[in-house]
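We name chains A, B, ... by the order of the sequence lines, and we start the count at 1 in each one.
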2 protein chains.
Amino acid sequence: MAQGRRRAMPSREQLRIWRDYIETTELLRTRLEGRLQSESSLSSADYRVLLALSEADRTTLRSSALAERVGWQRSRLSHHLARMEKRDLIRRTPCLDDVHGVDVHLTDLGAESFRRGSVPHLRSVHELFVDALTPEQLAGLDAAVTALREHLDPEDTGLSRRRDTGRNS
Amino acid sequence: MAQGRRRAMPSREQLRIWRDYIETTELLRTRLEGRLQSESSLSSADYRVLLALSEADRTTLRSSALAERVGWQRSRLSHHLARMEKRDLIRRTPCLDDVHGVDVHLTDLGAESFRRGSVPHLRSVHELFVDALTPEQLAGLDAAVTALREHLDPEDTGLSRRRDTGRNS
DNA sequence: CTCCGGGGATTGACACGTCAACTCTGCACG
DNA sequence: CGTGCAGAGTTGACGTGTCAATCCCCGGAG
């Protein structure tokens, strides 16, 4: 590209795409969130936690392991678990084999909520996201997102970016 | 698409793209936000408000007009304006020609903050977004986002999405 | 004149995240 | 022995957003 050393500004058109991108993504996110909420009274944060616990051995994880999986700050997890515990979706118990450390268990209510929410949620992803795009558009999006991610990663200090190992949304 | 009438679930690959898309976008958003914050002590919400006011006649807008422009719920705007007023970025005065209604003015500090934040912010958009993508990737992203937006719009009840006064879609 | 409805804006309760400070306990080192 | 630091979690203060209730003042019936 012919940009000199001077740090460049986005063109009008680039800015338009940027805004559309951000706003549309935001809208999509809140739509999904709303559906999940009304179908199962779960936020997407709740969902992530319940998903991780559902897949865990004996539906229990060490708090730190859970933080790993969902890619959150410990503090955020702690706050969120406190709220979820109040709603009886999970329970925390001191961890036996490690004096520090807390075991987070899925409760029956938590398991049930997750079960009820899961399928509709995945269907919503299909309806609102997959259905909207042709295969070419999906591939194009993937390519762009991958490029963005790679551009971002070197500078990566902050957020999630989990070493992906499998599963669900 | 060859999906039958049954409501479909996303495939593993589609889900992977979905997750990457959402997470990367989120990461990008917080990166930008962080830069804006450190460069000018403004959140992107602040920025939007200040931008709208900067462009307004006499750097003043009726609260309702402002809500229109930034696409927020009145309640959200009210809360945010209260916080911004506390920081002396804007000021609210009762509106003369309409007994209901409040005029929101840009203060000198607000104008100054916006001026200081604006150029670096646009540069950040260029660096973190535009620079990451080839022209083809940018076009691909635009196409996908446009498709998503169009898919979403019919169902539009909730958020922003400007009611484009003339034409539809 | 009084009562009512409705638009504009504010408020309060609450959920969520972030940052920084703090607790608690085990272990290494002098 | 201490002293103290490091790891696991928690807590508090605060900014932000949502929803629902409320306030305020208008203008039009009765």
Side-chain angles (χ1 to χ4, degrees), chain A residues 23 26-27 29-38 41-49 61-87 89-105 157-160, chain B residues 23 26-27 29-31 33-38 41-49 61-105 157-160:
Chain A
E23 291 180 10
E26 180 62 14
L27 184 56
R29 237 183 27 68
T30 63
R31 280 291 164 71
L32 244 331
E33 182 99 26
R35 289 205 182 187
L36 182 58
Q37 183 73 48
S38 65
S41 303
L42 296 174
S43 69
S44 61
D46 299 333
Y47 187 83
R48 278 184 85 146
V49 170
L61 279 175
R62 194 82 117 273
S63 180
S64 48
L66 185 51
E68 253 292 300
R69 298 244 191 148
V70 299
W72 290 349
Q73 236 70 72
R74 332 190 93 289
S75 148
R76 172 176 178 185
L77 182 61
S78 191
H79 281 303
H80 203 83
L81 290 181
R83 292 185 290 254
M84 289 181 77
E85 194 165 31
K86 217 166 297 170
R87 296 192 286 149
L89 296 170
I90 56 109
R91 211 175 5 178
R92 283 183 288 189
T93 62
C95 175
L96 297 178
D97 39 314
D98 184 350
V99 193
H100 321 298
V102 168
D103 277 335
V104 183
H105 312 272
T157 68
L159 281 234
S160 23
Chain B
E23 291 179 10
E26 180 63 14
L27 183 57
R29 238 184 26 68
T30 63
R31 280 291 165 69
E33 183 98 26
R35 289 205 182 188
L36 182 57
Q37 183 73 48
S38 65
S41 305
L42 296 175
S43 69
S44 63
D46 299 332
Y47 188 83
R48 278 184 85 146
V49 169
L61 280 175
R62 194 81 117 273
S63 180
S64 46
L66 185 50
E68 252 292 301
R69 297 243 193 148
V70 298
W72 290 349
Q73 237 70 72
R74 331 192 88 302
S75 148
R76 174 177 178 184
L77 183 60
S78 191
H79 280 303
H80 203 85
L81 290 181
R83 292 185 290 253
M84 288 181 78
E85 194 165 31
K86 217 166 299 172
R87 295 193 288 150
D88 199 35
L89 296 170
I90 56 108
R91 211 175 6 183
R92 284 183 287 188
T93 61
C95 175
L96 297 178
D97 38 315
D98 184 350
V99 194
H100 324 298
V102 168
D103 277 336
V104 183
H105 312 271
T157 68
L159 282 233
S160 21

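Looking at heavy-atom distances under 4.0 Å, A/Ser63 makes contact with sugar-phosphate atoms alone, never a base. Counting any heavy atom pair closer than 4.0 Å across all strands shown, B/Ser64 reaches sugar-phosphate atoms only and no base atom.
Checking the phosphate oxygens (OP1, OP2) of D/dG15, no side-chain nitrogen or oxygen of B/Arg87 falls inside 4.0 Å. Taking only side-chain nitrogens and oxygens, A/Arg83 comes nearer than 4.0 Å to OP1 or OP2 of C/dC16.
For B/His80 against D/dT16, a side-chain-to-base donor-acceptor contact under 3.5 Å is absent. Looking at A/His79, its side chain comes within 3.5 Å of the base of C/dT18 through a donor and an acceptor atom. One cannot find a donor-acceptor pair under 3.5 Å joining the base of C/dC16 and the side-chain atoms of A/Ser43.
In summary, of the residues considered (A/Glu85, A/Met84, A/His105), a side chain to side chain contact (heavy atoms under 4.5 Å, CB included) with A/Arg92 occurs for A/Glu85 alone.
Atom CG of B/Leu66 and atom P of C/dG8 are 14 Å apart (whole Å). Straight-line distance from the CG atom of B/Leu61 to the P atom of C/dA9: 11 Å, rounded to whole Å. Remark: C1' of D/dA6 and CZ of A/Arg74 are 13 Å apart, rounded to the nearest angstrom. The CD-C1' distance, from B/Gln73 to C/dT11, rounds to 16 Å in whole Å. Atom NZ of B/Lys86 and atom P of D/dC14 are 11 Å apart (whole Å). B/Glu33 places its CD atom 13 Å from the C1' atom of D/dG17, with the value rounded to the nearest Å. For A/Asp98 and C/dG26, the CG to C1' distance is 10 Å, given to the nearest whole Å. The CE-P distance, from A/Met84 to D/dT10, rounds to 14 Å in whole Å.
Counting heavy atoms from C-beta outward, A/Leu66 and A/Leu81 have side chains that approach closer than 4.5 Å. No side-chain heavy atom of B/Val49 sits under 4.5 Å from any side-chain heavy atom of B/Val104.
With distances taken from any side-chain atom of B/Val99 to the nucleotides D/dC19, D/dC26, D/dT11, the minimum falls on D/dC26.
Taking the nucleotide of DNA chain C with the nearest heavy atom to each of A/Gln37 and A/His100, the more 5' of the two is matched to A/Gln37. Closest-nucleotide positions on DNA chain D for B/Ala45 and A/Asp103 were compared, and the one nearer the 5' end corresponds to A/Asp103.
Here the CD-OG distance, from A/Gln73 to A/Ser78, works out to 12.5 Å after rounding to the nearest 0.5 Å.
Between the side chain of B/Ser44 and the backbone N or O of B/Tyr47 there is no donor-acceptor pair closer than 3.5 Å.
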